[in-house]
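What's counted below: heavy atoms across the whole structure, side chains too, no hydrogens, waters or symmetry copies. All figures in this text were calculated on a predicted structure; none of them were measured in a lab.
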Amino acid sequence: MSGFLNRSFSRREKGLLLLLVVVLLVGLYFKLVHYPIVSRMEEIEAETEETLDAQAVADVRLGIYNDMSAELEEIFAMPAEDITEMPAYDNEATLMGYLNYIFAGTDQNLNISKVQNGNIWERNVRFSFTARSYAQARGVITDLTHTGYRSLLDSLSFAPSGGEEGEGIETGELTVSGSITFYELAN
């Protein structure tokens, strides 16, 4: 065996050994340098995409926060009598007291329904009434929309009750109908 190591290699054997060393070095380079770098670059790219996605979500949240802050500032800048509250569910008895007071002196018809939408209860009041004059009808609608509770007037129509030719809403009795939704906060 000692004779094997002391012998000189032929040109062909030296070329094959050199080729083998080059192949081993290239293999080691790819295994120890190239593939780890490519793998780490792919990880960095994925982390960058995740960071950009998180930043986009944060930007959206910041926009929502800024909108809410502006809305709160607008609400706090309002006169106290224009600020409404969202009462806790079930506010029907108090609301009915207000409605009876508002529609007193009119021939009214009320239809009340409610539906829950998430943690908000929507109490829809469809109404129709006969008013002696436009001023009375306008007063009832003003009182109805200024109860102090969060509400949205969905529809409203005025029509002369008599149906006589040439009669407008400014003179004579009026039939008023519409729909308003009051909002209540579920517990």
Novice: Going by distance alone, is a donor N or O of one side chain under 3.5 Å from an acceptor N or O of the other, for Ser157 and Ser177?
Specialist: yes

Novice: Under a single-linkage definition using a 4.5 Å side-chain heavy-atom cutoff for Ile, Leu, Val, Met, Phe, Trp and Tyr, are Tyr183 and Met68 assigned to the same hydrophobic cluster?
Specialist: no

Novice: Could you see if Met41 belongs to whatever hydrophobic cluster contains Phe30? Use Ile, Leu, Val, Met, Phe, Trp, Tyr and a side-chain cutoff under 4.5 Å.
Specialist: yes

Novice: Are any of the side-chain heavy atoms of Leu185 and Ile120 separated by less than 4.5 Å?
Specialist: yes

Novice: Taking atom OH as the centre, does Tyr98 end up with more than 12 heavy-atom neighbours from other residues, nucleotides or ligands that are less than 6.0 angstrom away?
Specialist: no

Novice: Is Tyr29 reachable from Val38 through a run of I, L, V, M, F, W or Y residues, each pair having side-chain heavy atoms under 4.5 Å apart?
Specialist: no

Novice: Would you compute the distance between atom CG of Leu156 and atom CZ of Phe127 and round it to the nearest 0.5 angstrom?
Specialist: 5.5 Å

Novice: Indicate the atoms forming the closest heavy-atom contact of Ala137 with Leu174, along with that distance.
Specialist: CB-CD1, 4.1 Å

Novice: Nearest 0.5 Å, please: how far is CD in Gln108 from CG in Leu99?
Specialist: 9.0 Å

Novice: Could you tell me the separation between the NZ atom of Lys31 and the CG atom of Leu24, rounded to the nearest 0.5 Å?
Specialist: 13.5 Å

Novice: What is the distance from atom OG1 of Thr181 to atom CG of Asp154, rounded to the nearest 0.5 Å?
Specialist: 3.5 Å

Novice: Just how far is it from atom CD1 of Ile180 to atom CD1 of Ile112, taken to the nearest 0.5 Å?
Specialist: 11.5 Å

Novice: Go through Val33 and Leu28 one step at a time and tell me if the side-chain contact (heavy atoms from CB on, under 4.5 Å) criterion holds.
Specialist: CA-CA 8 Å; Val33 177; Leu28 284 173; over 6 Å; no

Novice: Donor-acceptor pair, Glu13 side chain versus Phe9 backbone, under 3.5 Å?
Specialist: no

Novice: Using every non-hydrogen atom in the two residues, find where Glu92 and Glu184 come nearest and quote the distance to one decimal.
Specialist: N-OE2, 4.2 Å

Novice: Do you know the tightest heavy-atom contact between Ala186 and Gln116?
Specialist: CB-NE2, 3.9 Å

Novice: Would you check if the distance from the ring center of Tyr149 to the ring center of Phe182 is below 6.0 Å?
Specialist: no

Novice: Start with the C-alpha gap between Ile141 and Phe129, add the side-chain angles, then the distance that decides, and say whether side-chain contact (heavy atoms from CB on, under 4.5 Å) holds.
Specialist: CA-CA 11 Å; Ile141 297 303; Phe129 64 94; 4.2 Å; yes

Novice: Report yes or no: do Val22 and Leu16 belong to one cluster of Ile/Leu/Val/Met/Phe/Trp/Tyr joined by side chain heavy-atom distances under 4.5 Å?
Specialist: no

Novice: Roughly how far apart are Ser151 OG and Glu122 CD, rounded to 0.5 Å?
Specialist: 12.0 Å

Novice: Is there a chain of hydrophobic side chains (I, L, V, M, F, W, Y, each step under 4.5 Å between heavy atoms) that links Leu25 to Val23?
Specialist: no

Novice: Filter on side-chain hydrogen bond (donor to acceptor under 3.5 Å, both in side chains), then keep only pairs touching residues 42-64, sequence neighbours left out; what's left?
Specialist: Arg40-Glu43

